[in-house]
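Before anything else, here's the structure in question.
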Amino acid sequence: MNQPPHPQQPSGWEPPPGGRGGPPPQQFGWGAPPPQPPKKRKTGKLVGFGCLGILILCIIIGVAATLGGSSGDTAKKDSGSAGETSSVQPAKTQDETKKQEPRKSQADLFKDCVAKKGTPTERKAVKHVTKVTGADKTNNILDTAEVFTDYTGGIVGPHAADGKLIASAFATCYHSENGLVTVYDKNGEMLSNGNY
């Protein structure tokens, strides 16, 4: 038997063991780029972001329901009592409505409370209060109130101790699970702060 001669092989090439010949396997070098790895799927990230979004939405709805539910109950009670009052009592004239006392400010309510419950030094310090804000809004999550005075000098001035007395008196009159009262001087500088 006569076998055809083998084709000329490049120099440095040896046939693989087992006797089969053929072209050498292609090596990646400078000429050809390596194959691209398969693309990763992003479903894990999408599911994570979706769950996070749902969690945030539930928290917002819970807070809104807590805040909205308490004021809605009050409105229902007020409307029911107003209906009963109007059917029993005759309508008031304009003269009678003018004679009614004006609604007290938050500062006046605070001063009245300290006059009843405060110490003599707190009563003396509270006489310098000019304005109170935030005392009527409580949600026990993060309540903040501000008390403005006619003192000067800020936190390092001569009335810093009076600011502490006012903050202490505020804690006597108002209660919150997580409240912070800040006392300011007449220039808007902080005198003191405290929890209430």
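These numbers were taken from a predicted model, which means no experiment stands behind them.
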If we ignore hydrogens and angles and just use 3.5 Å, is the side chain of Thr130 paired with the main-chain N or O of Asp150 as donor and acceptor? no
Any Glu146 side-chain heavy atom under 4.5 Å of Val181 side chain: no
Could you state the interatomic distance from CD1 (Ile141) to CD (Glu177), rounded to the nearest 0.5 Å?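 The distance works out to 9.5 Å.
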Heavy-atom side-chain contact between Asn140 and Asn178 under 4.5 Å: no
Verdict with supporting geometry, Lys116 and Val114, side chain to side chain contact (heavy atoms under 4.5 Å, CB included): CA-CA 5 Å; Lys116 293 176 188 175; Val114 173; over 6 Å; no
Counting N and O atoms only, with roles assigned by atom type, does the side chain of Thr149 sit under 3.5 Å from a partner on the main chain of Tyr184, one being a donor and the other an acceptor? yes
Could you tell me if the side chain of Glu189 sits less than 4.5 Å from the side chain of Leu191, heavy atoms only?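 Answer no - side chains too far apart.
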Once side chain to side chain donor-acceptor pair (under 3.5 Å) is applied, do any residues pair with Ser192, and if so which ones, sequence neighbours excluded? none
Hey, what do you get for NZ (Lys117) to CD (Glu122), rounding to the nearest 0.5 Å?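 Reported to 0.5 Å precision, the distance equals 12.0 Å.
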Can you see which heavy atom on Ala145 is nearest to which on Ala135, and at what distance?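 That closest heavy-atom pairing would be CB-N, 4.3 Å.
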Quick check for you: to the nearest 0.5 Å, what is the distance between Ser168 atom OG and Asn195 atom CG? 12.0 Å
Relative to the ring of His159, is the ring of Tyr151 parallel (under 30°), tilted (30 to 60°) or perpendicular (over 60°)? parallel
Is there a path of hydrophobic side-chain contacts, each under 4.5 Å between heavy atoms of I/L/V/M/F/W/Y residues, joining Met190 to Val156?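 Yes, same cluster.
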Examine distances only and state if a side-chain atom of Lys111 and a backbone atom of Val129 form a donor-acceptor pair shorter than 3.5 Å.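 Judged by distance alone, yes, a pair lies under 3.5 Å.
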Can you hop from Leu109 to Val126 via hydrophobic side chains spaced under 4.5 Å?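 Leu109 and Val126: one cluster.
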Any link between Tyr174 and Ile166 through a network of hydrophobic side chains (Ile, Leu, Val, Met, Phe, Trp, Tyr) touching at under 4.5 Å? yes
Heavy-atom check, side chain of Phe148 versus side chain of Asp185, under 4.5 Å: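 Side chain of Phe148 against side chain of Asp185, heavy atoms only: no contact under 4.5 Å found.
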Got Thr144 and Lys137 here, is their nearest side-chain heavy-atom distance under 4.5 Å?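 They are not in side-chain contact.
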Between Lys124 and Asp162, is there a salt bridge with N-O shorter than 4.0 Å? no
A side-chain contact here means heavy atoms from C-beta on lying under 4.5 Å apart; do Tyr196 and Asp143 qualify? yes
